[in-house]
Amino acid sequence: MFSKKFGRLILGFCTRCSTSVVNGTPTSTRTTVSWTSVCKHHTQFLERRSQMGFAHVRYGVRIRSASKTTVDPNEVKRFQLLANKWWNEQGDFAALHSMNDLRVPFIRDNLLNAHGGRRPGKPLAGLRILDVGCGGGLLTEPLGRLGADVLGIDPVADSIGTAEVHAWHDPDLRGNVRYRAITLEELSEKGGQGAGQFDAVVASEVVEHLADLETFTLCCNQVLKPGGSLFITTINKTQLSYALAIVAAEEVLRIVPSGTHDWDKFVSPMELERLLESNGFHVESIRGMLYNPLSGAWSWTESTSINYALHAVKLEEEPNLDEDDPEDPTVIVAQAKARRWYN
């Protein structure tokens with residue numbers, strides 16, 4: 001539950017001040033974005049989306065139709081314009097910089113639980129991590145400093161160029177961090193260099209920009225080793241997330257550039273969990289995240305109504321089954337898994 005203090009903060013999001021001049025005297029006026037106008041705006045948006053037929057129903061929830069590619073050309077164009085701004089900690093990506101305070105420990109601690117302690121100072125040494133949609137390397141670098149062998153990939157070549165230049169200035173990263181301008185599906189192709197090679201895949205603030213979640217989950221399964229971890233941070237699909245992540249953050253407070261997010265691409269924890277578990281993953285944990293625009297800091301919260309982090313694990317390879325022995329416990333377990341995945 002949100003505190004009363006944060007409730008007042010949310011209401012404050014919806015009001016901004018502007019200054020005008022009347023007879024040579026500056027006057028302050030207030031432009032108010034009420035919850036009524038937000039809901040009306042949201043309703044009109046949903047009606048337009050329904051008329052355009054962007055989504056269909058699966059698992060009882062709406063998801064984007066399969067396109068066989070994770071890349072949305074419009075998203076590539078948008079991030080192309082921002083490619084030289086990744087490392088400005090006070091700029092368009094300030095919230096992503098501060099998000100490292102949560103997402104880096106979240107990834108580190110879950111990997112240590114799965115793989116045990118390693119070299120002091122380099123706890124992730126010996127692990128291979130794929131950072132999907134790495135942008136300028138804001139998350140890739142700190143994972144590399146923890147000792148992991150990290151490959152950052154992104155379809156925007158200029159962002160990869162920015163990441164490479166920034167990493168080059170840190171000698172400690174040169175043996176741990178690499179970058180490639182490539183898509184996830186290209187890397188995951190059978191016979192490709194990425195198939196079954198990674199202990200973990202990270203997709204932080206990425207899935208809400210993808211063209212097809214089904215292709216994304218299949219490709220993540222392909223590049224991970226059995227038992228490997230998938231880490232996702234993203235935005236829930238709620239009216240509150242529409243009001244805060246789009247109306248407040250983009251149109252009122254200008255925390256991120258206008259047009260950065262498309263509410264139709266947001267995904268709820270339930271939808272994402274069902275999609276992952278139908279493609280060979282088991283979801284281990286989901287945690288709510290909260291951003292305070294006044295302090296610029298993130299914190300964990302019980303509510304997943306806006307932002308959340310998810311950790312899933314790729315299921316181990318199925319054992320060789322003796323079809324002549326239906327009482328074999330491995331057969332029973334495998335059949336139960338199959339019913340859970342595909343029903």
Under 3.5 Å, side chain of [X] to main-chain N/O of [Y], donor-acceptor pair present?
X    : Y    : value
T217 : L276 : no
K225 : G196 : no
D154 : G135 : yes
S188 : Q222 : no
N221 : N279 : yes
E277 : V283 : yes
E186 : T183 : yes
T238 : S305 : yes
T301 : M289 : no
R174 : W168 : yes

Same hydrophobic cluster for [X] and [Y], using side-chain heavy-atom links shorter than 4.5 Å among ILVMFWY?
X    : Y    : result
L218 : V71  : no
L81  : V156 : no
V313 : L310 : no

Starting at [atom1] of [X], measure out to [atom2] of [Y] and round the result to the nearest 0.5 Å.
X    : Y    : atom1 : atom2 : answer
T70  : E185 : OG1   : CD    : 3.5 Å
N236 : N307 : CG    : CG    : 9.0 Å
L127 : I107 : CG    : CD1   : 12.0 Å
E189 : L184 : CD    : CG    : 10.5 Å
L272 : I286 : CG    : CD1   : 7.0 Å
F231 : E284 : CZ    : CD    : 9.5 Å

Looking at [X] and [Y], what are the two nearest heavy atoms and their distance?
X    : Y    : result
P269 : T304 : CG-OG1, 4.0 Å
P142 : G137 : CD-O, 4.3 Å
M99  : S204 : SD-OG, 4.0 Å
W300 : G288 : CE3-O, 3.2 Å
L230 : C220 : CD1-SG, 3.9 Å
I160 : C134 : CD1-SG, 3.7 Å

| task | Kindly indicate whether the side chain of D72, heavy atoms from C-beta on, has any atom under 4.5 Å from the side chain of L210. | result | no

| query | Just wondering, do L111 and D199 contact through their side chains at under 4.5 Å, heavy atoms? | reply | no

| said: Test salt bridge (Lys or Arg N to Asp or Glu O under 4.0 Å) on R128 and D149; report intermediate values, then the result. | reply: CA-CA 5 Å; R128 296 195 66 192; D149 177 11; 3.7 Å; yes

| task | Could you point out which residue of L173, V202, V150, L151 forms a side chain to side chain contact (heavy atoms under 4.5 Å, CB included) with T140? | result | V150

Mind telling me whether [Y] and [X] have parallel, tilted or perpendicular rings, with 30° and 60° as the class edges?
X    : Y    : answer
F93  : W86  : parallel
H311 : F106 : perpendicular
W298 : Y291 : tilted

| field | Between D158 and Q80: side-chain donor-acceptor atoms closer than 3.5 Å | value |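 Their side chains do contain a donor-acceptor pair, which is all the 3.5 Å distance test asks for.
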
With the threshold set at 4.0 Å, does a side-chain nitrogen-carboxylate oxygen contact exist between [X] and [Y]?
X    : Y    : answer
R145 : D170 : yes
R287 : E302 : no
D212 : K68  : no

| request: Go through I153 and Y179 one step at a time and tell me if the side chain to side chain contact (heavy atoms under 4.5 Å, CB included) criterion holds. | output: CA-CA 6 Å; I153 65 171; Y179 293 101; over 6 Å; no

| message | As a quick check of understanding, evaluate side chain to side chain contact (heavy atoms under 4.5 Å, CB included) for W87 and E141, giving each step before the final call. | response | CA-CA 12 Å; W87 288 97; E141 288 196 10; 3.6 Å; yes

| task | Check the pair L224 / F281 against side chain to side chain contact (heavy atoms under 4.5 Å, CB included), numbers first and verdict last. | result | CA-CA 11 Å; L224 278 170; F281 288 94; 3.6 Å; yes

| request: Keeping to residues at least two apart or across chains, list the salt bridge (Lys or Arg N to Asp or Glu O under 4.0 Å) pairs with something in residues 97-113. | output: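 Passing the test, one end in residues 97-113: no pairs.
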
| field | Chi angles and distances behind the salt bridge (Lys or Arg N to Asp or Glu O under 4.0 Å) call for E75, K265 | value | CA-CA 12 Å; E75 299 281 2; K265 289 185 175 183; 3.3 Å; yes

| task | Test side chain to side chain contact (heavy atoms under 4.5 Å, CB included) on V223 and V201 and set out the steps. | result | CA-CA 8 Å; V223 300; V201 171; 3.6 Å; yes

